Amino acid sequence: MKPSTLIALLAAVWLINAGVSANAAMDSADLEAAGKANPEFAAAVAAIEDERWLRAVHLREQVVEARPWDDDAHTLLGFSQRRLGRYMQAFRHYRRALDLNPYHRGAMEYLGEAYLETRDKRGAQDMLQRLAAACRRDEGLACSQAPHCPEWHQLRAAIANGIGNPIARRW
């Protein structure tokens with residue numbers, strides 16, 4: 001998922017938590033409203049936009065500590081950890097997000113990408129199948145129909161193109 005999509009997801013989560021109406025397309029006014037509602041959100045957005053992953057990890061860890069049930073916080077913490085090459089921690093947070101919400105499409109996509117980056121194509125394929133089932137469920141599609149959700153398409157393209165920064169495992 002692109003950093004801009006991640007920021008939009010993060011904004012939606014904070015807007016919902018702050019009681020502000022969230023739309024699929026967020027503009028700068030939405031981001032500003034979310035930032036005013038929660039200064040930590042504004043700092044997290046800035047850290048992600050600037051690719052300051054250590055700062056993003058620190059902010060997400062605070063959220064996870066205060067809200068251990070927050071599947072989005074675990075997903076975003078996993079994303080930030082992954083960007084730092086901390087795959088063991090990333091896998092732990094993605095799996096925790098999926099324990100909390102077995103249908104969290106963002107966590108499934110990111111976990112699939114993490115599998116690709118650690119040269120586990122089978123794990124990525126398994127996550128793609130799980131993601132397809134979750135998308136079909138959310139979209140009310142039959143098992144034979146291809147899902148339309150962007151997370152599935154992005155992971156599918158990454159697998160097809162061999163995208164992922166293949167690196168040595170760091171754990």
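As the structure is a computational prediction, the values presented were derived from the model and not from experiment. Both backbone and side-chain heavy atoms feed into the values below; hydrogens, waters and symmetry mates do not.
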(request) Examine Val64 and Tyr87 and state if one hydrophobic cluster contains both, with Ile, Leu, Val, Met, Phe, Trp and Tyr joined whenever side-chain heavy atoms are less than 4.5 Å apart. (result) yes

(message) Could you work out, with side-chain contact (heavy atoms from CB on, under 4.5 Å) as the rule, every residue matching His153, not counting sequence neighbours?
(response) Arg156

(message) Ignoring hydrogens, what is the shortest heavy-atom contact between Ile159 and Ala124? Give both atom names and the distance.
(response) CD1-O, 3.6 Å

(request) Using the side chain to side chain contact (heavy atoms under 4.5 Å, CB included) rule, pick out the option among Gln81, Gln89, His93 that qualifies with Glu61. (result) Gln81

(request) Scan for disulfide bond (SG atoms under 2.5 Å apart) pairs involving residues 91-141, sequence neighbours excluded, and state none if there are none. (result) Cys135-Cys149

(request) Name all pairs fulfilling the salt bridge (Lys or Arg N to Asp or Glu O under 4.0 Å) condition that reach into residues 91-100, sequence neighbours left out, sorted by first residue then second. (result) none

(message) Nearest 0.5 angstrom please: Leu128 CG to Glu113 CD, how far?
(response) 11.0 Å

(request) Say whether Leu111 and Trp53 are linked into one hydrophobic cluster, either directly or through other cluster members, by side-chain heavy-atom distances under 4.5 angstrom. (result) yes

(request) Output yes when a side-chain donor or acceptor of His74 lies under 3.5 Å from a complementary backbone atom of Trp69, and no otherwise. (result) no

(request) Hey, could you give me the CZ/CG distance between Arg52 and Leu59, rounded to the nearest 0.5 Å? (result) 8.5 Å

(request) Apply side-chain contact (heavy atoms from CB on, under 4.5 Å) to Pro150 and list each qualifying residue two or more places apart in sequence or on a separate chain. (result) Arg105, Gln154

(request) Might you point out which heavy atoms bring Val63 and Asp70 nearest each other, and give the distance in Å? (result) CG1-OD2, 4.0 Å

(message) Quick check: closest heavy atoms across Ala47 and Ala56, and the distance to 0.1 Å?
(response) CB-N, 3.8 Å

(request) Of all the heavy-atom pairs spanning Met127 and Leu155, show the shortest one and how long it is. (result) C-CD2, 4.2 Å

(request) Could I get the full list of side chain to side chain donor-acceptor pair (under 3.5 Å) partners for His58, not counting sequence neighbours? (result) Gln62

(request) Quick one: pull up OG1 in Thr75 and CE in Met108 and give me the separation to the nearest 0.5 Å. (result) 9.5 Å

(request) Using a strict cut-off of less than 4.0 Å between a Lys/Arg side-chain nitrogen and an Asp/Glu carboxylate oxygen, indicate whether Asp126 and Arg130 qualify as a salt bridge. (result) no

(message) Closer than 3.5 angstrom, by distance alone: can the side chain of Tyr94 be matched with the main-chain N or O of Phe79 as a donor-acceptor pair?
(response) yes

(message) Among residues at least two apart in sequence or on other chains, which ones pass side-chain contact (heavy atoms from CB on, under 4.5 Å) with Asn101?
(response) Asp71, Tyr103, His104

(request) Any chance you could lay out the side-chain contact (heavy atoms from CB on, under 4.5 Å) test for Arg55 and Asp50, step after step, and finish with the verdict? (result) CA-CA 10 Å; Arg55 176 80 174 134; Asp50 296 340; over 6 Å; no

(request) Measure the OH-CG distance between Tyr110 and Leu98 for me, rounded to the nearest 0.5 Å. (result) 12.5 Å

